[in-house]
Every structure is written in structure tokens, then in C-alpha cells.
Amino acid sequence: MLFDRFYKIGKSIIFYIGLVMLFLLILGPILWLFLNSFKTNVDALAIPPQIFFKPIFSNYPEVIRGFDFPKAFSNSIIITILSTIIVLVLGLPAAYVLARFRFTGSVILAFIILATRMVPRVAIGIPTYLIMMKLDLLDTYLALIFSYVAYNLPFGIWLLIGFIKLIPKEIEEAAAIDGCSRWSSFGYVIVPLIKPGLAAVGTLVWIVCWREFFLPLILTSSQAKPLSVLAGQFITEYGIDWGQLAAFSIITFIPVFIIAIYVQRYLISGLTMGAVKD
């Protein structure tokens, strides 16, 4: 009896220790980044690292006032939102066709779409730059939107195919008996049922577009430059301003955090769709 009690206590202690370690592993870097955003360069580079220090509050105002931050922030918001919407609008019908129709070469077409996502961005950097230069789209929203959509559309299509396949065909057949056409059942039956999947795909595409660095680095110079490119401006010939870089990172993390909280209910449902079947 006493042994069982000690066993349960030990098991609980191990569980909570593991939980704390997992918490530190996941949120530790973010917490440390947040602390560094209130440090001077001396405190940020101190060895051993300082947990207790005299905080400064000038890093955030200096980041917002400098480096043309407001314009870059608005650029990122506009480009990311439009790119995500276009990926979902184009990817959903394409995924529906590939998930529901069988035609010659459909499987090969699906793998070709996925293969385009596997191409590294470095390999498509120069061709993309030359295309945008010929179209006179360098340093514009359209250059980044076209590039983001082209790179993320295969990713969105493949994820949406999986979500659509989880919807039983019998539901569409029942809708057809009630008089719905193929595309009516798609709009009134399939789309509402995969809202969690759309939220999950939209959130993932948003994050990829928001943090993209290489493409905007080569396609923009001033007018359409997003936030991700500004990160490199904290590295100068005089060194790295760690405090301002940490403050900049926290500010750029906030929109992603807000989006994740807003769609949390749908996101969890979407990521777990099909994990359990009756």
C-alpha cells in the first residue's frame, strides 16, 4: 500500500518535471528573446547569461521609429493576407478535382504539383528575378504576391486534398439526390465541412508568407520591402544590436500569435481531422 502511494507520487513528479522541461524547450527561446528585448548589448552578451538585470525600454520605440518600420509592417500585412487568400481560393477547387475525380494522369499530376514545392527557393531565385524584371514588377506588391502564391499553392493543394478526402462521398450523393449539382454541393456541403482544414492551411500559409526572407530580399528594394528583410539591417559593420533585434523579433511575432489565437479552435480541429475514425 505504501509502495503504491510512493509510486504514484514519483510518477506525478516525473510527469510534472517532464512537462516543465517541455514548456522550457518550446517557450524558452521566446521567453529569452523577450528578456533580451529589454537588455543593452552588454547585458545581452554577458557570460554567464543574466536573468536579473536593469531593463531598458528604448529598444521598442527605436525599432518602430527607425528602419521605415511602419511601411514595412503594412507591406507585410497586405502581401501576406492577399497571398493567403489567393492560395485558398485557387487551391480549394484544384484540391477538390484531384480528390474527387479520377482521370488519366491524375496521380502523376498530383505528384508533379507536390514536386514543385520541393524545389529550393535558391534555385528559383534568379529565374523569378528575371521574370519580374521583364514584367517590370520589381519592388512591387505583385512581384511578392505572385511569387508567394506560386511557391505555396502546391503546399496548400496537397493539404486540402487530404481534408477533402476525409469527407464521405455519401454526403455529396445525398446532396445530389436533393437536387444539388456537383459544384453546388461543393460550395454548400464541402466548403462548410472543411472550415477547420481551411483555417489550418490558411494559418500555415500565412506563417510561411510572413517569415519569407529570400524572395523579398531579391525582389524588393524600398517600396514593397516587408518586415522579414528588415531583420538584416540590425547587423552592421559595427556589430549586432541584439536588444533591438530581439525587440524587432517580438513585434513581428505578435501578428502570428494573434492569428493563431483567433483561429485556435478551427486550427486544432483542422490539424486533428482524421486522427480518430469511428
Criterion ring pair (Phe, Tyr, Trp, His ring centres under 6.0 Å) on Y60 and F38, from CA distance to verdict: CA-CA 9 Å; Y60 285 92; F38 296 99; 5.5 Å; yes
Audit row: T220, D139, side-chain hydrogen bond (donor to acceptor under 3.5 Å, both in side chains) steps and yes/no: CA-CA 4 Å; T220 63; D139 201 22; 4.8 Å; no
Stepwise side-chain contact (heavy atoms from CB on, under 4.5 Å) test for N36 and W242: CA-CA 7 Å; N36 280 342; W242 293 104; over 6 Å; no
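Taking every heavy atom of both residues into account, S249 and L33 meet most closely at CB-CD2, 3.4 Å. Heavy-atom minimum distance, F69 versus L230: CA-CD1, 4.2 Å.
Between L82 and Y148, every side-chain heavy-atom pair lies at or beyond the 4.5 Å cut-off. Residues L31 and F23 form a side-chain contact, since some pair of their non-hydrogen atoms from C-beta on lies under 4.5 Å apart. In this structure, the side chains of L193 and L166 stay at 4.5 Å or more apart for every pair of heavy atoms. Looking only at side-chain heavy atoms (C-beta outward), V87 and F155 stay at 4.5 Å or farther from each other. Side-chain contact check for K39 versus K54: every heavy-atom pair is 4.5 Å or farther apart. Counting heavy atoms from C-beta on, the side chains of Y151 and C209 never come closer than 4.5 Å.
Within 6.0 Å of CE on M133 lie more than 12 heavy atoms contributed by other residues, nucleotides or ligands. Open room surrounds CD1 on I108; 12 or fewer heavy atoms of other groups in view lie less than 6.0 Å from it. For L22, the CG atom sits in a packed shell: over 12 heavy atoms of surrounding residues, nucleotides or ligands are nearer than 6.0 Å. Around atom CZ of F111, no more than 12 heavy atoms belonging to other residues, nucleotides or ligands sit under 6.0 Å away.
Judged as a side-chain contact (heavy atoms from CB on, under 4.5 Å), and not counting sequence neighbours, the contacts of D68 are K71. Scanning for side-chain contact (heavy atoms from CB on, under 4.5 Å) contacts around I13 gives I9, I17, with sequence neighbours left out.
With N41 contributing its side chain and D241 its backbone, the two residues share no donor-acceptor pair below 3.5 Å.
Exactly one residue among I259, I85, V201 makes a side chain to side chain contact (heavy atoms under 4.5 Å, CB included) with W206. That residue is I259.
The stretch residues 88-97 participates, sequence neighbours left out, in these side chain to side chain donor-acceptor pair (under 3.5 Å) pairs: Y96-E172, Y96-R182.
Aromatic ring centres of Y188 and W183: separated by at least 6.0 Å.
In this structure, K165 is not positioned above the aromatic face of W158 in the sense of NZ or CZ being under 6.0 Å from the six-membered ring centre and within 45° of the axis.
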